[in-house]
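Sequence lines set the chain letters: A, B, ... in the order given, protein chains first and strands last, and positions in each chain run from 1.
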2 protein chains.
Amino acid sequence: MTRRTTPPQPREALTRQRVLLAAVRLADAGGLETLSMRRLGEAVGVEAMSLYNHVANKEDLLDGMVDLVFGEVDLPAPGEPWREAMRRRADSMRLVLSRHRWAIGLMESRANPGPATLRHHDAVLGCLRRAGFSLTLTAHAVSVLDSYIYGFALQEKTLPFDTPEETAALAESIAAGFADGQYPYLAEIATAHVMRPGYSYGDEFTFGLDLVLDGLQQAAG
Amino acid sequence: MTRRTTPPQPREALTRQRVLLAAVRLADAGGLETLSMRRLGEAVGVEAMSLYNHVANKEDLLDGMVDLVFGEVDLPAPGEPWREAMRRRADSMRLVLSRHRWAIGLMESRANPGPATLRHHDAVLGCLRRAGFSLTLTAHAVSVLDSYIYGFALQEKTLPFDTPEETAALAESIAAGFADGQYPYLAEIATAHVMRPGYSYGDEFTFGLDLVLDGLQQAAG
DNA sequence: CCTTGCGAACTTACGGCGTAAGTCTCACTT
DNA sequence: AAGTGAGACTTACGCCGTAAGTTCGCAAGG
């Protein structure tokens with residue numbers, strides 16, 4: 001009787017995928033700065049150096065994490081009208097980036113895009129091209145949409161509050177610090193706008209996205 | 001005869017300002033990751049620990065650097081029409097961010113804004129308010145403009161090439177890697193658009209900025 | 001059955017990091 | 001002349017990424 005090729009072992013075999021998933025989980029929980037090779041090793045039950053059997057170095061690890069995150073973003077559906085598709089993608093991207101705040105400075109700027117990243121960009125380009133956008137307009141559209149989405153996420157990222165109550169409380173303390181009349185417009189917007197009940201910075205996203213989509217529709221003729 | 005209060009000493013007195021300027025110079029030259037307290041000390045002729053007489057810690061150092069950079073950005077001129085002012089500010093910001101690429105992920109997200117930062121934001125808000133923008137529209141406008149500007153800078157930051165020739169060369173090698181027909185739209189835009197002579201990603205900035213400004217003008221009625 | 005090869009884990013070590021804690025020097029005040 | 005305090009320096013700690021070398025156990029070849 002031949003031996004099974006992969007007999008069940010006490011410890012689950014470590015794979016690149018398992019390493020990447022654990023790294024994302026760690027970064028989600030404590031931010032990028034808490035993600036070290038030693039801690040990651042501990043999380044998967046291995047010494048730090050063993051991780052190098054699955055990733056080339058920390059840069060490669062980050063590349064893989066980013067590709068994993070790109071894989072979470074909704075792609076345009078086959079027959080979907082471009083405007084709906086771009087809106088869904090934008091909302092999905094924002095949701096994904098809020099789950100993985102550490103990824104925000106990374107996704108646009110990794111030098112080695114993975115397969116999920118390439119598939120994502122190809123799908124977005126394809127959606128616009130099939131909707132009749134010229135090559136030039138497609139490039140413009142992707143640039144302005146991505147700039148807006150990433151930029152908004154970047155600003156949202158480190159607002160040091162999550163609930164409207166916290167927002168209002170902070171705005172109040174800021175406004176109080178400006179009581180001397182320097183920065184009158186900052187004081188005004190803090191007291192009369194941000195401190196309004198129900199204010200949420202996230203709601204600003206819709207305004208800008210509609211503005212951009214309207215502009216593109218206009219340009220597409 | 002009384003002694004001069006500050007006799008000329010062999011070494012120039014170290015000040016917070018001198019430390020910050022040196023730090024910015026270091027980061028400009030080699031990126032944020034080359035900026036360490038030891039190297040910064042060396043640059044100003046002092047041991048690392050002596051820097052802590054002028055900055056509270058590295059976070060405080062970064063805060064100060066960001067405020068210095070904000071101080072380089074053009075403010076709206078007193079009587080300037082809002083659209084011109086916002087365009088000038090956007091262009092100026094982009095220029096400043098290209099001088100200080102390391103600042104891009106930092107400017108929007110520091111928790112402790114300095115005086116130049118506050119003055120900048122107050123001036124932008126004031127320009128729009130005086131142009132008749134409602135409080136709500138002003139908040140929308142600032143959000144969409146800043147998102148676009150920072151997002152664009154973020155994407156531009158790590159394009160691994162600076163000249164059109166390099167761009168075209170890279171696009172070509174990428175397109176060659178896609179010869180198998182995966183990612184057809186990426187291949188198309190790389191070969192037929194990016195590789196066109198004279199292409200420069202920076203030129204995309206104008207399109208999106210005009211689109212956003214047009215949309216705001218519309219909304220302002 | 002034994003050997004051998006090999007991949008995946010482990011161990012050790014190095015140079016660099018931010019910074020806590022303590023010390024020395026010296027110009028200025030009193 | 002003595003005292004003070006700021007600004008420099010020294011030492012040390014616990015992290016970090018990773019180069020280099022070692023151990024171990026399975027699987028295939030003789």
Inset, instruction - Check DNA chain C against residues 32-41 of chain B and give the residues with a non-hydrogen atom under 4.0 Å, in numerical order. - result: B:L35, B:S36, B:M37, B:R38, B:R39
Inset, instruction - Answer with yes or no after comparing the ring centroid distance for A:F152 and A:Y201 against a 6.0 Å cut-off, counting only values under it. - result: yes
Inset, instruction - Would you kindly give the OH-to-C1' distance between A:Y52 and D:dA20, to the nearest whole Å? - result: 13 Å
Legend entry - Phosphate-side-chain proximity, A:H54 and C:dG7, N/O vs OP1/OP2 below 4.0 Å: no
Inset, instruction - Look at the side chain of B:R101 and the backbone N and O of B:G31, then say whether any donor-acceptor pair between them is shorter than 3.5 Å. - result: no
Inset, instruction - Determine which pairs satisfy ring-ring contact (aromatic ring centres under 6.0 Å, His included) with at least one residue from residues 104-124 of chain A, sequence neighbours left out, and list them in order. - result: A:F70-A:H120, A:F70-A:H121
Legend entry - Closest heavy-atom pair and its distance - A:A153, A:I104: O-CD1, 3.6 Å
Legend entry - Closest-nucleotide ordering on DNA chain C, the 5'-leading residue of A:N53 and A:M49: A:N53
Inset, instruction - Measure from CD on B:E47 to P on C:dT23 and round the result to the nearest Å. - result: 18 Å
Legend entry - Residues in contact with DNA chain D, drawn from residues 55-67 of chain B - heavy-atom cutoff 4.0 Å: none
Legend entry - Considering all heavy atoms, the nearest B:E156-B:R94 contact: OE2-NH1, 2.7 Å
Legend entry - Check: A:H100/A:E72 side-chain N/O donor and acceptor closer than 3.5 Å: yes
Inset, instruction - Verify the ring-centre separation between A:F205 and A:Y148: is it less than 6.0 angstrom? - result: yes
Inset, instruction - Determine whether the side chains of B:S143 and A:Q155 contain a donor N or O and an acceptor N or O closer than 3.5 Å. - result: no
